[in-house]
2 protein chains.
Amino acid sequence: MSSQLQSNSHHKVRESLRERIESSEWKLGELIPTEVDLAKEYGCARTTINRALQALADEGILIRKRKGGTRVCPIPIRQAKLSIPILREQVEAIGSEYSHQLVGRKIAAPSQSIRQNLKIDDGDSAFYAETIHFADHRPFAYEERWVNLKTVPEIENETDFDLLSINEWLIKTVPFSSGEVSFSAHKATERTAKALQTDIGAALFLVDRTTWMNGKFITTMKLYYREGYRLSTTI
Amino acid sequence: MSSQLQSNSHHKVRESLRERIESSEWKLGELIPTEVDLAKEYGCARTTINRALQALADEGILIRKRKGGTRVCPIPIRQAKLSIPILREQVEAIGSEYSHQLVGRKIAAPSQSIRQNLKIDDGDSAFYAETIHFADHRPFAYEERWVNLKTVPEIENETDFDLLSINEWLIKTVPFSSGEVSFSAHKATERTAKALQTDIGAALFLVDRTTWMNGKFITTMKLYYREGYRLSTTI
DNA sequence: TTATCTATTATGTGCATACATAATATAAAA
DNA sequence: TTTTATATTATGTATGCACATAATAGATAA
């Protein structure tokens, strides 16, 4: 955590306060001194204390109210930040060579649930593709993706997904989008097992993701990871 | 996102800049104007611009370097914040009644890998417990937990885990701890299937978690969720 | 040419000050 | 007593200013 020495006052104050909170000098839900008092104690400007306290409040370990004062969060909620890297980086991070293969591509009318995800009408068709992602030429993840042609019509004319996978192409084309992700466990079906060269019934880690931008739905996909895959983070 | 109208200048500036970034006014990796220029443009102090830019940098959509200037992050890394709620809240959030049952409890010498997680010596023993968590009296998750007796010796004398589950007791006793979590998919074994009243071979969602505080290791656990469980978040 | 020094530049930070704002406590009026 | 106005308080924010610091570009010396 505090591996990088910060000689800056507001960082130092923040870490000092963090320690005091974590050592239970102030108990859960308890009021801590006011900014003015802390400024006096630390011998710095109130601005500096304010900055430190706001940062801790952003982290969720303090709760602040005007006039009410600042108190230690009564129920410390653990928040894990997990970055969702693109597959190429995920594979290269473990020192393997990344490659991918487009095994299916079509324009078709998606199922009801997919239509709902992309907010498209009943008759409308969409772009569909299946991709197998490899680490050192061994299947690593299998991707089923639908792309909304109303939002990203250019994809229909995009012929070359050899260098850039569809995901990477989309990130370049629609860089800042919001999305919803969910993680679950999934028994490998005949199709997913075949794509990942594993057994039917294997426990696959499934990432479900739908992204949109300015209210326009862009893409929805299912990403099946091989057995043994772990998504890790710190809290 | 910007649902709550903020009349504050630095919030307004931040959201304005966010829109300009998301509308690709500045492309991926491109340099944006300096603080001084933006301050001139927005008619505010540099401090205000600085605050807005720092916030966007914290979010990961800007990259700042002294002298180098501020640029749009070349590879927008999607960061999902996922809060790890305690099981009681998770169950009650879906409108079900929460209950739990301690099915095993002992002081024993853990396996090599657990000893490694808790950083305890070869001969040392630790506290072990298995808990089944129910939603409306149906098994929801199965927990296997080891607790380091060197760090939390009080747990040995704690007899009553009826009201508070071990996890809840630990949160109360050691409120601010760091930890590592990993998610994966796991085929139900005889034991886990039995505990969750499901079939052997079912695809379970597994959460692996180890927590520590000030370098002292507290607990490590495996939490197996029933089939169909989804962990969701937005990015 | 290469290495070394030296501006220059944009961000990082701290501070004093001033005022805004939400929430509470107190006093005054009904 | 209840309601309403008013003061008080702690945090929220904006600003001008000064200086620190990292990284670069340019100038100078080897």
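Here is the naming used below: chain letters follow the sequence lines, and residue numbers restart at 1 for every chain.
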### Query
Does the gap between the ring centers of Tyr225(B) and Phe140(B) come in under 6.0 Å?
yes
#### Entry: Within residues 25-36 of chain A: residues closer than 4.0 Å to DNA chain C (heavy atoms)
none
#### Entry: With sequence neighbours excluded, residues passing side chain to side chain contact (heavy atoms under 4.5 Å, CB included) with Lys40(A)
Val36(A), Asp37(A)
### Query
Does a side-chain N-to-carboxylate-O contact under 4.0 Å join Lys222(A) and Glu144(A)?
no
### Query
Any side-chain donor-acceptor pair under 3.5 Å between Ser177(A) and Thr211(A)?
no
### Message
Under a 3.5 Å threshold, yes or no: a donor from one side chain and an acceptor from the other, between Thr131(A) and Arg145(A)?
### Response
no
Tabulate protein N/O versus nucleotide N/O from nucleotides 15-19 of chain D, keeping only pairs under 3.5 Å, one per line.
residue	atom	partner	partner atom	Å
dT15(D)	OP2	Ala45(B)	N	3.0
dT15(D)	OP2	Thr48(B)	OG1	2.6

### Query
Which residues pass the side-chain hydrogen bond (donor to acceptor under 3.5 Å, both in side chains) test with Arg66(B), sequence neighbours left out?
none
### Message
Check this for me, if you would: do Glu168(A) and Arg88(A) make a salt bridge, where the nitrogen-to-carboxylate-oxygen distance has to be below 4.0 angstrom?
### Response
yes
### Query
Could you state the CD1-P distance from Ile49(A) to dT11(D), rounded to the nearest angstrom?
11 Å
#### Entry: side chain to side chain contact (heavy atoms under 4.5 Å, CB included) partners of Ser16(B), counting only residues at least two apart
Arg20(B), Tyr42(B)
### Positions of residues 50-76 of chain A (non-hydrogen atom under 4.0 Å from DNA chain C), listed by number
Arg51(A), Arg66(A), Lys67(A)
### Query
Do the side-chain N and O atoms of Asn50(A) and Gln54(A) include a donor-acceptor pair separated by under 3.5 angstrom?
yes
### Query
Taking the side chain from Thr173(A) and the backbone from Trp169(A), do they hold a donor-acceptor pair closer than 3.5 Å?
yes
